[in-house]
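For ligands, and for the atoms within them, numbers begin at 1 and follow the listed sequence. We use all heavy atoms of the structure for the numbers below, so side chains are in, but hydrogens, waters and symmetry mates are not.
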Amino acid sequence: MTSAYKRVLLKISGEALAPEGGRGIAMDSVVSVANQVHQAMQSGLQLALVLGGGNILRGAQFTSQASHIHEATAHYMGMLATVMNALALQDALESQGCSTRVMTAIKMDGVAEPYIRRRAMRHLEKGRVIILAAGTGSPFVTTDTAAAQRSLELDANILLKATRVEGVYSSDPEKDANALFYPRLSYEEFLSQHLRIMDQGAVTKCMEYDMPIRVFNYRVPGNIEAAVLGKDVGTLISSHS
Ligand code: UDP
(Lines give C-alpha, C1' and ligand atoms only; values in the text may rest on other atoms or scores of the structure.)
Protein backbone atom coordinates (compact mmCIF):
# COMPACT_ATOMS: atom_id res chain seq x y z
CA MET A 1 0.00 0.00 0.00
CA THR A 2 1.30 3.46 -0.88
CA SER A 3 1.01 6.36 1.53
CA ALA A 4 -1.39 9.15 0.62
CA TYR A 5 1.28 11.58 1.81
CA LYS A 6 4.92 12.14 1.00
CA ARG A 7 5.83 13.44 4.45
CA VAL A 8 3.94 13.11 7.71
CA LEU A 9 4.40 14.60 11.17
CA LEU A 10 3.04 12.12 13.70
CA LYS A 11 2.54 13.29 17.26
CA ILE A 12 2.21 10.45 19.76
CA SER A 13 1.10 11.12 23.35
CA GLY A 14 3.55 9.90 25.95
CA GLU A 15 0.87 7.72 27.50
CA ALA A 16 1.09 5.44 24.45
CA LEU A 17 4.36 4.21 25.98
CA ALA A 18 2.92 3.67 29.48
CA PRO A 19 1.45 0.47 30.91
CA GLU A 20 -2.34 0.21 30.43
CA GLY A 21 -3.91 2.72 32.83
CA GLY A 22 -0.54 3.50 34.44
CA ARG A 23 2.40 5.87 34.18
CA GLY A 24 6.04 5.57 33.15
CA ILE A 25 7.39 3.42 30.35
CA ALA A 26 6.31 -0.18 29.69
CA MET A 27 8.43 -1.96 27.13
CA ASP A 28 5.48 -3.91 25.68
CA SER A 29 3.65 -0.61 25.03
CA VAL A 30 6.78 0.83 23.40
CA VAL A 31 7.11 -2.26 21.19
CA SER A 32 3.45 -2.07 20.22
CA VAL A 33 3.86 1.57 19.09
CA ALA A 34 7.10 0.65 17.29
CA ASN A 35 5.29 -2.20 15.47
CA GLN A 36 2.64 0.20 14.25
CA VAL A 37 5.18 2.79 13.15
CA HIS A 38 7.27 0.13 11.40
CA GLN A 39 4.16 -1.13 9.61
CA ALA A 40 3.27 2.42 8.53
CA MET A 41 6.79 2.92 7.15
CA GLN A 42 6.23 0.10 4.64
CA SER A 43 4.03 2.53 2.69
CA GLY A 44 7.14 4.48 1.64
CA LEU A 45 6.45 7.72 3.48
CA GLN A 46 8.85 10.08 5.20
CA LEU A 47 8.06 10.18 8.89
CA ALA A 48 8.87 12.68 11.62
CA LEU A 49 7.65 11.75 15.12
CA VAL A 50 7.04 14.16 17.97
CA LEU A 51 6.70 12.33 21.28
CA GLY A 52 4.92 13.65 24.33
CA GLY A 53 6.06 13.12 27.91
CA GLY A 54 2.78 13.07 29.81
CA ASN A 55 3.34 9.44 30.89
CA ILE A 56 6.19 10.73 33.05
CA LEU A 57 5.56 14.39 33.83
CA ARG A 58 3.61 17.44 32.67
CA GLY A 59 4.83 20.86 33.75
CA ALA A 60 1.31 22.02 34.57
CA GLN A 61 1.25 19.55 37.48
CA PHE A 62 3.43 21.98 39.41
CA THR A 63 1.24 25.06 39.35
CA SER A 64 0.23 25.16 43.01
CA GLN A 65 1.68 27.75 45.39
CA ALA A 66 2.77 24.89 47.65
CA SER A 67 5.08 23.57 44.96
CA HIS A 68 8.68 24.53 45.52
CA ILE A 69 9.48 23.88 41.89
CA HIS A 70 9.01 26.86 39.58
CA GLU A 71 6.52 26.03 36.84
CA ALA A 72 9.11 26.81 34.16
CA THR A 73 11.47 24.27 35.75
CA ALA A 74 8.68 21.71 35.71
CA HIS A 75 8.13 22.32 31.99
CA TYR A 76 11.82 21.70 31.35
CA MET A 77 11.46 18.46 33.33
CA GLY A 78 8.53 17.57 31.04
CA MET A 79 10.70 18.20 27.98
CA LEU A 80 13.38 15.90 29.40
CA ALA A 81 10.70 13.24 29.90
CA THR A 82 10.05 13.30 26.15
CA VAL A 83 13.74 12.52 25.59
CA MET A 84 13.50 9.37 27.72
CA ASN A 85 10.48 8.30 25.67
CA ALA A 86 12.34 9.04 22.44
CA LEU A 87 15.31 6.88 23.44
CA ALA A 88 13.04 3.97 24.34
CA LEU A 89 11.12 4.20 21.07
CA GLN A 90 14.31 4.59 19.06
CA ASP A 91 15.71 1.28 20.31
CA ALA A 92 12.42 -0.51 19.77
CA LEU A 93 12.23 0.80 16.19
CA GLU A 94 15.86 -0.03 15.44
CA SER A 95 15.36 -3.58 16.75
CA GLN A 96 12.71 -3.95 14.04
CA GLY A 97 15.08 -2.76 11.34
CA CYS A 98 13.89 0.85 11.12
CA SER A 99 16.64 3.41 10.63
CA THR A 100 16.11 6.28 13.10
CA ARG A 101 17.60 9.46 14.51
CA VAL A 102 16.63 11.18 17.74
CA MET A 103 16.93 14.96 17.51
CA THR A 104 16.45 17.16 20.55
CA ALA A 105 15.35 20.79 20.80
CA ILE A 106 17.53 21.12 23.92
CA LYS A 107 21.15 20.37 23.13
CA MET A 108 22.26 17.10 24.73
CA ASP A 109 25.60 16.02 23.35
CA GLY A 110 26.23 12.36 23.99
CA VAL A 111 22.53 11.49 23.98
CA ALA A 112 21.17 12.65 20.65
CA GLU A 113 21.68 15.05 17.75
CA PRO A 114 20.55 18.64 18.13
CA TYR A 115 17.50 19.52 16.06
CA ILE A 116 18.64 21.34 12.94
CA ARG A 117 15.94 21.76 10.31
CA ARG A 118 18.06 21.10 7.23
CA ARG A 119 19.63 18.07 8.84
CA ALA A 120 16.20 16.75 9.78
CA MET A 121 15.09 17.15 6.14
CA ARG A 122 18.13 15.17 4.99
CA HIS A 123 17.34 12.30 7.37
CA LEU A 124 13.77 12.24 6.09
CA GLU A 125 14.93 12.14 2.46
CA LYS A 126 17.13 9.17 3.33
CA GLY A 127 14.12 7.31 4.73
CA ARG A 128 15.10 7.58 8.40
CA VAL A 129 12.39 8.00 11.00
CA ILE A 130 13.26 11.11 12.96
CA ILE A 131 12.12 11.25 16.57
CA LEU A 132 11.90 14.87 17.67
CA ALA A 133 12.28 15.20 21.41
CA ALA A 134 12.27 18.00 24.01
CA GLY A 135 9.30 19.68 22.35
CA THR A 136 9.99 23.22 21.20
CA GLY A 137 12.79 23.64 23.75
CA SER A 138 10.75 26.37 25.49
CA PRO A 139 8.51 26.08 28.56
CA PHE A 140 4.77 26.83 28.98
CA VAL A 141 3.66 25.01 25.84
CA THR A 142 3.09 21.34 25.09
CA THR A 143 4.30 18.91 22.48
CA ASP A 144 1.15 19.67 20.40
CA THR A 145 2.68 23.08 19.75
CA ALA A 146 6.01 21.44 18.90
CA ALA A 147 4.19 19.12 16.48
CA ALA A 148 2.44 22.04 14.75
CA GLN A 149 5.68 24.00 14.53
CA ARG A 150 7.70 21.07 13.13
CA SER A 151 4.98 20.03 10.69
CA LEU A 152 5.19 23.49 9.14
CA GLU A 153 8.95 23.85 9.04
CA LEU A 154 9.48 20.33 7.70
CA ASP A 155 6.85 20.79 4.96
CA ALA A 156 4.75 17.86 6.14
CA ASN A 157 1.53 17.18 4.23
CA ILE A 158 -0.44 16.51 7.40
CA LEU A 159 -0.14 16.54 11.18
CA LEU A 160 -1.40 13.27 12.64
CA LYS A 161 -2.15 13.29 16.35
CA ALA A 162 -2.31 9.82 17.92
CA THR A 163 -4.19 9.89 21.18
CA ARG A 164 -6.17 7.54 23.43
CA VAL A 165 -9.67 8.44 22.24
CA GLU A 166 -11.27 7.99 18.82
CA GLY A 167 -10.90 11.61 17.78
CA VAL A 168 -12.47 14.96 18.64
CA TYR A 169 -15.66 15.02 20.75
CA SER A 170 -17.88 17.86 21.98
CA SER A 171 -16.65 17.07 25.53
CA ASP A 172 -14.34 14.54 27.17
CA PRO A 173 -15.78 11.11 26.16
CA GLU A 174 -14.07 9.51 29.16
CA LYS A 175 -16.15 11.70 31.50
CA ASP A 176 -19.32 12.46 29.51
CA ALA A 177 -21.33 9.58 28.06
CA ASN A 178 -23.25 12.05 25.85
CA ALA A 179 -20.15 13.46 24.21
CA LEU A 180 -20.72 13.89 20.48
CA PHE A 181 -18.07 12.58 18.07
CA TYR A 182 -17.04 14.86 15.19
CA PRO A 183 -15.68 13.08 12.10
CA ARG A 184 -14.78 16.46 10.52
CA LEU A 185 -14.31 19.97 11.83
CA SER A 186 -13.05 23.25 10.45
CA TYR A 187 -10.28 24.99 12.38
CA GLU A 188 -12.76 27.73 13.31
CA GLU A 189 -15.26 25.19 14.68
CA PHE A 190 -12.56 23.57 16.77
CA LEU A 191 -11.35 26.88 18.16
CA SER A 192 -14.75 28.45 18.78
CA GLN A 193 -15.95 25.45 20.81
CA HIS A 194 -12.82 25.59 22.96
CA LEU A 195 -12.26 21.87 22.48
CA ARG A 196 -9.45 20.64 24.65
CA ILE A 197 -8.05 17.55 22.97
CA MET A 198 -5.39 19.66 21.33
CA ASP A 199 -3.75 22.96 22.24
CA GLN A 200 -5.61 25.94 20.82
CA GLY A 201 -2.25 27.53 19.98
CA ALA A 202 -1.23 24.49 17.91
CA VAL A 203 -4.52 24.49 16.00
CA THR A 204 -4.28 28.24 15.41
CA LYS A 205 -0.81 27.80 13.93
CA CYS A 206 -2.06 25.03 11.62
CA MET A 207 -5.03 27.19 10.59
CA GLU A 208 -2.74 30.08 9.63
CA TYR A 209 -0.84 27.83 7.22
CA ASP A 210 -3.66 25.47 6.25
CA MET A 211 -1.98 22.38 7.71
CA PRO A 212 -4.59 19.61 8.03
CA ILE A 213 -4.73 17.73 11.33
CA ARG A 214 -6.07 14.22 11.89
CA VAL A 215 -6.76 13.13 15.48
CA PHE A 216 -7.14 9.38 15.96
CA ASN A 217 -6.80 6.54 18.47
CA TYR A 218 -3.41 4.81 18.62
CA ARG A 219 -4.93 2.03 20.72
CA VAL A 220 -6.76 0.57 17.73
CA PRO A 221 -4.26 -1.78 16.05
CA GLY A 222 -3.48 -0.66 12.50
CA ASN A 223 -4.79 2.87 13.03
CA ILE A 224 -1.40 4.57 12.57
CA GLU A 225 -0.96 2.80 9.23
CA ALA A 226 -4.54 3.66 8.23
CA ALA A 227 -3.97 7.34 9.08
CA VAL A 228 -0.77 7.59 7.02
CA LEU A 229 -2.46 5.83 4.13
CA GLY A 230 -5.01 8.66 4.19
CA LYS A 231 -7.94 6.54 5.41
CA ASP A 232 -10.80 8.24 7.17
CA VAL A 233 -9.98 7.33 10.79
CA GLY A 234 -10.74 9.66 13.69
CA THR A 235 -11.39 13.35 13.09
CA LEU A 236 -10.04 15.54 10.31
CA ILE A 237 -9.58 19.22 11.23
CA SER A 238 -9.03 21.37 8.15
CA SER A 239 -10.29 24.48 6.40
CA HIS A 240 -13.48 22.60 5.34
CA SER A 241 -16.01 21.28 7.89
N1 UDP B 1 6.83 20.87 27.32
C2 UDP B 1 7.28 22.18 27.27
N3 UDP B 1 7.57 22.73 26.04
C4 UDP B 1 7.41 22.05 24.87
C5 UDP B 1 6.91 20.73 24.94
C6 UDP B 1 6.63 20.16 26.17
O7 UDP B 1 7.43 22.84 28.28
O8 UDP B 1 7.69 22.61 23.80
C9 UDP B 1 6.59 20.25 28.64
C10 UDP B 1 5.21 20.57 29.19
O11 UDP B 1 5.30 20.74 30.57
C12 UDP B 1 4.43 19.31 28.84
C13 UDP B 1 5.47 18.23 29.05
O14 UDP B 1 6.67 18.84 28.53
O15 UDP B 1 3.32 19.12 29.67
C16 UDP B 1 5.20 16.92 28.37
O17 UDP B 1 4.63 17.11 27.10
P18 UDP B 1 3.06 16.90 26.79
O19 UDP B 1 2.23 17.30 27.95
O20 UDP B 1 2.79 17.59 25.50
O21 UDP B 1 2.99 15.32 26.59
P22 UDP B 1 1.75 14.40 26.12
O23 UDP B 1 0.53 14.85 26.88
O24 UDP B 1 1.57 14.59 24.68
O25 UDP B 1 2.22 13.03 26.47
Side-chain angles (χ1 to χ4, degrees), residues 9-26 29-30 32-34 36-37 48-64 67 69-90 102-108 111-112 114-117 120 130-154 159-165 167-168 172-174 195-206 213-219 223-224 227 234 237:
L9 189 302
L10 172 62
K11 150 81 206 286
I12 305 179
S13 297
E15 40 192 23
L17 307 188
E20 183 71 37
R23 295 176 67 82
I25 299 177
S29 303
V30 179
S32 149
V33 172
Q36 285 209 56
V37 170
L49 292 176
V50 166
L51 272 183
N55 54 319
I56 299 171
L57 190 144
R58 289 194 177 97
Q61 288 168 231
F62 292 85
T63 48
S64 88
S67 170
I69 299 174
H70 192 287
E71 190 177 341
T73 307
H75 285 296
Y76 280 105
M77 290 161 66
M79 285 184 259
L80 297 184
T82 72
V83 181
M84 288 200 263
N85 284 340
L87 294 178
L89 186 60
Q90 175 174 43
V102 172
M103 306 185 94
T104 58
I106 296 172
K107 209 161 170 263
M108 256 177 249
V111 174
Y115 174 77
I116 297 168
R117 176 178 167 269
I130 54 170
I131 307 174
L132 305 175
T136 60
S138 298
F140 299 104
V141 289
T142 71
T143 49
D144 283 352
T145 299
Q149 174 75 34
R150 300 298 186 223
S151 71
L152 295 171
E153 62 183 295
L154 295 173
L159 192 173
L160 299 176
K161 177 178 157 90
T163 185
R164 67 174 194 206
V165 293
V168 184
D172 185 346
E174 292 179 339
L195 300 171
R196 297 184 58 124
I197 189 151
M198 192 160 179
D199 274 13
Q200 296 258 316
V203 176
T204 304
K205 205 72 239 124
C206 289
I213 306 167
R214 185 177 290 285
V215 182
F216 67 98
N217 190 346
Y218 63 79
R219 297 200 287 190
N223 248 10
I224 292 182
I237 308 170

Which residue holds the protein heavy atom closest to [atom], what is that atom called, and what is the gap in Å?
| atom | answer |
| --- | --- |
| atom 19 (O) of ligand 1 | Arg58 NE, 3.4 Å |
| atom 21 (O) of ligand 1 | Gly53 N, 2.9 Å |
| atom 20 (O) of ligand 1 | Thr143 OG1, 2.4 Å |
| atom 5 (C) of ligand 1 | Thr142 C, 3.5 Å |
| atom 14 (O) of ligand 1 | Gly78 C, 3.2 Å |
| atom 1 (N) of ligand 1 | Val141 O, 3.2 Å |
| atom 7 (O) of ligand 1 | His75 CB, 3.2 Å |

Which atoms of ligand 1 are found less than 4.0 Å from any heavy atom of [X]?
| X | answer |
| --- | --- |
| Ser13 | 24 (O), 25 (O) |
| Gly54 | 21 (O), 22 (P), 25 (O) |
| Gly52 | 21 (O), 22 (P), 24 (O), 25 (O) |
| Gly135 | 4 (C), 5 (C), 8 (O) |
| Leu57 | 13 (C), 16 (C) |

Does the side chain of [Y] come within less than 4.5 Å of [X]'s, by heavy atoms?
| X | Y | value |
| --- | --- | --- |
| Ile69 | Met77 | yes |
| Glu20 | Arg219 | yes |
| Thr104 | Val111 | no |
| Ile106 | Tyr76 | yes |

When you measure from the side chain of Asn85 to the backbone of Gly52, do you find a donor-acceptor pair of N or O atoms at a distance under 3.5 Å?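 Side chain of Asn85 to backbone of Gly52: a pair is present.
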If we only consider heavy atoms of Lys11, is any one of them less than 4.0 Å away from an atom in ligand 1?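 Contact present.
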Heavy atom of Pro139 under 4.0 Å from ligand 1?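 Yes; Pro139 lies near enough to ligand 1 that a heavy-atom distance drops under 4.0 Å.
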For a quick test of reading the model, state the closest non-hydrogen atom pair linking [X] to [Y] and the distance between them.
| X | Y | answer |
| --- | --- | --- |
| Ala72 | Pro139 | O-CB, 4.0 Å |
| Thr82 | Ala134 | OG1-N, 2.7 Å |
| Ala105 | Gly137 | CB-N, 3.6 Å |

Relative to ligand 1, is [X] under 4.0 angstrom through side chain, backbone, both or neither, heavy atoms considered?
| X | result |
| --- | --- |
| Phe140 | backbone |
| Thr145 | neither |
| Ser138 | backbone |

Is Arg196 salt-bridged to Asp172, going by a charged N under 4.0 Å from an acidic O?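 Result for this pair is no, no salt bridge flagged.
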Any carboxylate oxygen within less than 4.0 angstrom of a Lys/Arg side-chain nitrogen, looking at Arg164 and Glu174?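 Counted as a salt bridge, because a side-chain N and a carboxylate O are separated by less than 4.0 Å.
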Do Gly59 and ligand 1 have an N or O pair less than 3.5 Å apart?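 By distance alone, the answer is yes.
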N or O contact, Asp144 vs ligand 1, cut-off under 3.5 Å: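 Looking only at distances, the answer is no, because the N/O contact criterion of under 3.5 Å is not met.
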Nearest-0.5 Å distance, CE of residue Met79 to OG of residue Ser138: 6.5 Å
Over 12 foreign heavy atoms within 6.0 Å of CZ, Arg23: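 Yes, because the 6.0 Å sphere around CZ of Arg23 holds more than 12 heavy atoms from other groups.
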